[in-house]
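Below, chains carry the letters A, B, ... as their sequence lines are ordered, and counting in each starts from 1.
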Amino acid sequence: MNIDIFMEKLGQCYKQWDSPVITLIAKRKSDPFLILVSTIISLRTKDEVTIKASQRLYEKIKTPHDAVQSGHEAIAKMIYPAGFYPTKAKRIVEISRILLEKYDGKVPSDMNDLLALPGVGRKTANLVLIEAFGKAAICVDTHVHRISNRTGYVKTDSPDATEMALRKKLPLKYWKMYNEILVAFGQKLCRPVSPWCSKCPVSEMCRKKGVIKSR
DNA sequence: AAAACGGGGGC
DNA sequence: GCCCCAGTTTT
């Protein structure tokens, strides 16, 4: 698979796939704390729910100090019915406390510092590095993992392995856009089951074409 | 390696 | 009704 042609073709379709959560995050580009919080809320949660939950939270919570003062029970109510909302609420408060204690109330821009925060894994940390700090990073969620393997661009058995493979193989100029485009692509067409292969702009490059049930 | 965490939406 | 979903932590 030629990655340049792949990115070119997907990029042309990107506008119509525009992901609401990425748009939401983009609007908060100037505020790493709100980006981090909305990313936490988005985990294993549908876009529409994430957006409403984030907007309710943003009305009251704008800083780590707000979050600590508000407490996890109040935050849980604000972000309901986002998935795992009680756990996420506790982690938002706990993270806020750590930010105040160790980082002067600011979100760190270092990968290892981010990973040390409770509830922050590689996916979240990479997305924050990209969206909040404009750093070159590769964020692999299940969409990116699935599609990278369907195209045969990498052959891995876990999102973390996919990230490491992409770090070696993917040209640096694509690092920031790869996640956004593939997530949108994964939601609209290249879904886990019944991918919409008849509408896919890159189906001729797909090693799974004809192997998985499509429409 | 597998379960647990929570609820909405697709089929 | 059953299964899946923009993960991470715990057992």
Side-chain angles (χ1 to χ4, degrees), chain A residues 10 13-14 17-29 34-57 72-98 107 111-132 137-150 156-164 166 175-196 212-215:
Chain A
L10 288 192
C13 304
Y14 180 57
W17 296 336
D18 197 17
S19 161
V21 166
I22 293 294
T23 303
L24 175 70
I25 289 174
K27 285 181 185 161
R28 309 285 168 175
K29 212 175 269 298
L34 294 181
I35 290 171
L36 174 57
V37 169
S38 59
T39 305
I40 301 255
I41 292 173
S42 78
L43 303 181
R44 298 299 287 173
T45 299
K46 293 275 191 287
D47 276 2
E48 311 77 57
V49 177
T50 299
I51 289 171
K52 286 178 188 154
S54 296
Q55 286 171 340
R56 272 196 301 280
L57 189 76
H72 72 263
E73 290 177 359
I75 291 180
K77 285 183 183 150
M78 294 176 208
I79 65 176
Y80 176 91
F84 312 114
Y85 62 94
T87 306
K88 284 173 182 171
K90 287 175 191 161
R91 289 191 173 142
I92 288 170
V93 171
E94 183 58 22
I95 287 172
S96 297
R97 207 175 348 246
I98 294 171
V107 177
M111 169 68 93
N112 290 324
D113 289 342
L114 287 168
L115 288 177
L117 299 173
V120 177
R122 296 204 68 84
K123 188 261 175 179
T124 305
N126 276 311
L127 196 56
V128 168
L129 288 178
I130 294 170
E131 301 296 341
I138 295 177
C139 171
V140 178
D141 50 37
T142 52
H143 285 314
V144 174
H145 174 62
R146 179 181 71 254
I147 296 166
S148 296
N149 280 281
R150 276 185 183 171
T156 54
D157 57 9
S158 74
D160 284 358
T162 298
E163 186 197 326
M164 298 315 158
L166 289 174
W175 282 26
K176 286 173 72 173
M177 62 192 295
Y178 193 77
N179 168 265
E180 280 188 35
I181 291 182
L182 262 61
V183 168
F185 179 47
Q187 289 178 332
K188 303 298 180 192
L189 295 183
C190 196
R191 296 174 305 200
V193 296
S194 299
W196 208 326
I212 52 179
K213 186 166 169 278
S214 64
R215 64 172 188 165

K.L.:
Looking across every strand, which nucleic acid part, if any, lies under 4.0 Å from A/Gly121 by heavy atom: base, sugar-phosphate, or nothing?
P.N.:
sugar-phosphate
K.L.:
For C/dC5, does either OP1 or OP2 sit under 4.0 Å from a side-chain N or O belonging to A/Thr142?
P.N.:
no
K.L.:
With sequence neighbours left out, what residues match A/His143 under side-chain contact (heavy atoms from CB on, under 4.5 Å)?
P.N.:
A/Asp141, A/Arg146, A/Val183, A/Gln187
K.L.:
Is A/Val120 touching bases, backbone alone, or none of the nucleic acid, heavy atoms closer than 4.0 Å?
P.N.:
sugar-phosphate
K.L.:
Not counting sequence neighbours, which residues clear ring pair (Phe, Tyr, Trp, His ring centres under 6.0 Å) with A/Phe185? List them please.
P.N.:
A/Trp17
K.L.:
Using 4.0 Å as the upper bound for N to carboxylate O, is an ion pair formed by A/Arg91 and A/Glu94?
P.N.:
no
K.L.:
Please set out all donor-acceptor pairs under 3.5 angstrom arising from side-chain atoms of residues 79-88 of chain A, sequence neighbours excluded.
P.N.:
unit_1: A/Lys88; atom_1: NZ; unit_2: A/Ile41; atom_2: O; d: 2.8
unit_1: A/Lys88; atom_1: NZ; unit_2: A/Leu43; atom_2: O; d: 2.8
unit_1: A/Lys88; atom_1: NZ; unit_2: A/Thr45; atom_2: OG1; d: 3.0
unit_1: A/Lys88; atom_1: NZ; unit_2: A/Gly83; atom_2: O; d: 2.8

K.L.:
Using salt bridge (Lys or Arg N to Asp or Glu O under 4.0 Å) as the criterion, list what pairs up with A/Glu73, not counting sequence neighbours.
P.N.:
none
K.L.:
Does anything in residues 84-92 of chain A come within less than 4.0 Å of DNA chain C? Heavy atoms only, and list the residues if so.
P.N.:
A/Phe84, A/Arg91
K.L.:
State, to 0.1 Å, how close A/Cys190 and A/Ile147 come at their nearest heavy-atom pair, and which atoms those are.
P.N.:
SG-CG1, 3.7 Å
K.L.:
First contact, last contact: which nucleotides of DNA chain B are these for chain A, 5' to 3', heavy-atom distance under 4.0 Å?
P.N.:
B/dC5 to B/dG8
K.L.:
Return the 5'-most residue of the pair A/Thr45, A/Pro118 with respect to DNA chain C, ranking by each residue's nearest nucleotide.
P.N.:
A/Thr45
K.L.:
Using the side-chain contact (heavy atoms from CB on, under 4.5 Å) criterion, which residues pair with A/Ala74? Sequence neighbours excluded.
P.N.:
A/Ser70, A/Met78
K.L.:
Which residues pass the salt bridge (Lys or Arg N to Asp or Glu O under 4.0 Å) test with A/Arg191, sequence neighbours left out?
P.N.:
none
K.L.:
For DNA chain B, which ranges pair as stems of 3 or more consecutive Watson-Crick or G-U pairs, with both donor-acceptor distances under 3.5 Å?
P.N.:
B:1-5 with C:7-11, B:7-11 with C:1-5
K.L.:
Pick the P atom in C/dT8 and in B/dG8, then give their distance to the nearest Å.
P.N.:
22 Å
K.L.:
Of all residues at least two apart in sequence or in a different chain, which pass the salt bridge (Lys or Arg N to Asp or Glu O under 4.0 Å) check with A/Arg150?
P.N.:
none
K.L.:
Decide yes or no on side-chain contact (heavy atoms from CB on, under 4.5 Å) for A/Ile40 and A/Val120, but give the supporting numbers first.
P.N.:
CA-CA 8 Å; A/Ile40 301 255; A/Val120 177; 4.1 Å; yes
K.L.:
Base, sugar-phosphate alone, or nothing: which one does A/Leu117 contact when heavy atoms must sit under 4.0 Å apart?
P.N.:
sugar-phosphate
K.L.:
Which ones in residues 74-81 of chain A lie close to DNA chain C, meaning a heavy atom under 4.0 Å from one of its atoms?
P.N.:
none
K.L.:
Please give the distance between the P atoms of C/dG1 and B/dC5 as a whole number of Å.
P.N.:
23 Å
K.L.:
Using the side-chain contact (heavy atoms from CB on, under 4.5 Å) criterion, which residues pair with A/Met111? Sequence neighbours excluded.
P.N.:
A/Leu115, A/Arg122, A/Ala125, A/Asn126, A/Leu129, A/Arg167
